Amino acid sequence: MVPLVYFQLLSAALFIIGLYGVMARRSAVLIIMSIELMLNAVNINLIAAASHREGWGSFVNFDGQIIAIFIITVAAAEVGLAMAIILRMYRNRATVNVDEIDLMKW
Amino acid sequence: MLFQDIIFWVLAVTAIGAALGVVLIRDLFRSALLLAVVFVAVAGFFALLSAEFLAVVQVLIYVGAISILFIFAIMLTRNVREGNLPNRLQLPAVLFPALLLAALVVAVVSSDWRPIPEEELGRAQLTQTQAVNIVAEETLAAEGFSTAAALENAQQAGLADLLIGAFVLPFEAVSLLLLAALIGGLALARSRGG
């Protein structure tokens, strides 16, 4: 089996790429896409940790997989809502660039 | 080099390359397609980690539904023509993730990721029995699950057991959340009223 450290480093790399996308890009759609990248990185980390627990005999540990299922569900709900908000925003302001959306700025 | 290692490296290069493409490419439509590639590679990682159910769920939900939603959002807004523009935060947006990556790599590499040692296993299992609700091997053998494969299959049911057993409250809460998000999304995206 591939060592746990490799999966953790890969997950860290994906998370960082997503973080860069969130911080550096203007388009709201791309920011949501980067958030999905980060959530996927977290899922890899959880599942890798869950399936690298050796010495448990007949005990198979599914806790990591369960939490990953919840993360996937919440991510799906989040994307659905975010897309609705973005479409609404585009209809009202004719833009989805986050630095032009300053409605709630003082 | 083992077969699993080759698969891992192929998937890792695909995932990281496609993820870099998602954030760096100017054309937003291509970023959405590359994001689907990342999702498929992550599903491959799940299969590699013997989480087959999650691999299937990943393909169904992420590749099948979420990617399509992103493509719809890009097509319905004027994003395709404007492209993937950077904002004014370039320097901190490179510096902060680079620092965080360095910190994460140091933390991962310098930590001692051993499984639970043998002498503490009994205590650890005792605290876990509440959450890990899996039928013991003796019981399964008595029920007629004799081969190793059948035994493994029977124990795979642990995921479902956990989901509607120990984790039933979060499970119901998440279903309520999905319903609320569905109604909220409908109310927000409706063209009249709201």
Side-chain angles (χ1 to χ4, degrees), chain A residues 1-2 4-10 12-14 16-21 23-27 29-30 33-34 36-37 40 43-44 47-48 51-56 58-63 65-66 68-70 72-77 79-81 83-88 90 96-97 99, chain B residues 4-5 8 12 15-16 19-20 22-23 28 31 35 38 42 45-46 49-51 54 57 61 66 69-70 73-74 76-77 79 84-87 89-90 93 97 100-101 104-105 108 113 115-116 118 121 125 131-132 134 136-137 155 158-159 162-163 167 170 174 177-178 181 184-185 188-189:
Chain A
M1 188 169 253
V2 186
L4 178 59
V5 177
Y6 287 2
F7 283 103
Q8 285 172 328
L9 290 178
L10 173 100
L14 277 182
I16 294 300
I17 294 171
L19 184 64
Y20 170 76
M23 286 182 76
R25 298 289 139 172
R26 232 179 244 182
S27 163
V29 181
L30 194 101
M33 279 160 61
S34 303
E36 291 306 308
L37 268 183
N40 264 287
N43 276 345
I44 292 179
I47 293 173
S51 55
H52 276 82
R53 300 179 66 156
E54 290 149 29
W56 281 72
S58 66
F59 283 81
V60 185
N61 197 295
F62 286 108
D63 289 6
Q65 295 194 24
I66 294 276
I69 289 177
F70 287 136
I72 289 177
T73 322
V74 173
V79 170
L81 262 187
M83 288 305 135
I85 291 172
I86 286 172
L87 288 184
R88 192 79 200 171
Y90 181 71
V96 291
N97 285 350
D99 44 5
Chain B
Q4 280 192 342
D5 290 317
F8 175 83
I16 290 185
L20 281 174
V22 170
V23 292
L28 264 176
S31 325
L35 191 69
V38 179
V42 171
F45 284 123
F46 291 173
L49 288 163
S50 60
L54 272 157
V57 164
I61 295 181
I66 291 184
L69 213 54
F70 280 131
I74 289 168
L76 285 176
T77 58
N79 261 327
N84 180 11
L85 296 171
N87 60 13
L89 215 64
Q90 284 311 296
L100 190 60
L101 180 64
L104 281 176
V105 168
V108 165
W113 295 104
I116 299 165
E118 282 297 326
L121 202 57
Q125 278 180 350
V132 186
I134 292 167
E137 266 177 40
Q155 286 179 336
L159 191 59
L162 271 181
L163 204 55
F167 286 87
V174 129
L177 173 80
L178 267 181
L188 273 172

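Order of the sequence lines fixes the chain letters, A, B, ..., with proteins taken first and strands second; residue numbering starts at 1 for each chain. Predicted model, so just to flag it, every value in this text is computed and none were measured.
Contacts of B/Leu20 with chain A are made by both backbone and side-chain atoms, with heavy-atom separations under 4.5 Å. Contact of B/Leu76 with chain A is made through backbone and side chain together, with heavy-atom distances under 4.5 Å. When heavy atoms are compared at a cutoff of 4.5 Å, A/Thr73 approaches chain B by way of both its backbone and its side chain. Only the side chain of B/Leu104 comes within less than 4.5 Å of a heavy atom of chain A; its backbone N, CA, C and O stay farther away. In this structure, chain A has a heavy atom under 4.5 Å from the side chain of B/Val57, while its backbone stays farther away.
Taking the side chain as every heavy atom from C-beta outward, A/Ile72 and B/Leu54 approach each other to under 4.5 Å. Annotation: side chain of B/Leu100 is not in contact with side chain of A/Tyr20 (no heavy-atom distance under 4.5 Å).
The line from CG of B/Leu188 to CD1 of A/Ile86 is 11.5 Å long, rounded to the nearest 0.5 Å. Interatomic distance, A/Ile16 CD1 to B/Ile16 CD1, rounded to the nearest 0.5 Å: 11.0 Å. To the nearest 0.5 Å, the span separating CD1 on B/Ile66 from CE on A/Met83 amounts to 9.0 Å. Distance CG/B/Leu69 to CD/A/Glu36: 9.5 Å, rounded to 0.5 Å.
Contact count versus chain A (heavy atoms, under 4.5 Å) is highest, among B/Leu101, B/Val174, B/Ile61, for B/Leu101.
In terms of heavy atoms, B/Ala51 sits closest to A/Ile47 at CB-CG2, 3.7 Å. Here the closest heavy-atom approach between residue A/Leu10 and residue B/Ala12 is recorded as CD1-CB, 3.5 Å. Contact between A/Leu87 and B/Thr77 at its shortest, heavy atoms only, is CD2-CG2, 4.1 Å.
Ring-plane geometry between B/Phe45 and A/Phe7 is classed as perpendicular, the angle between the planes exceeding 60 degrees on a 0 to 90 degree scale with a lower cut at 30.
Annotation: side chain to side chain contact (heavy atoms under 4.5 Å, CB included) contacts of B/Ala19 (sequence neighbours excluded): A/Leu14, A/Ile17, A/Leu37, B/Val38. Every residue meeting the side chain to side chain contact (heavy atoms under 4.5 Å, CB included) condition with A/Ala77, not counting sequence neighbours, appears here in chain and number order: B/Leu177, B/Leu178, B/Ala181.
Summarising the local packing, OH of A/Tyr6 is surrounded by 12 or fewer heavy atoms from other residues, nucleotides or ligands at distances under 6.0 Å.
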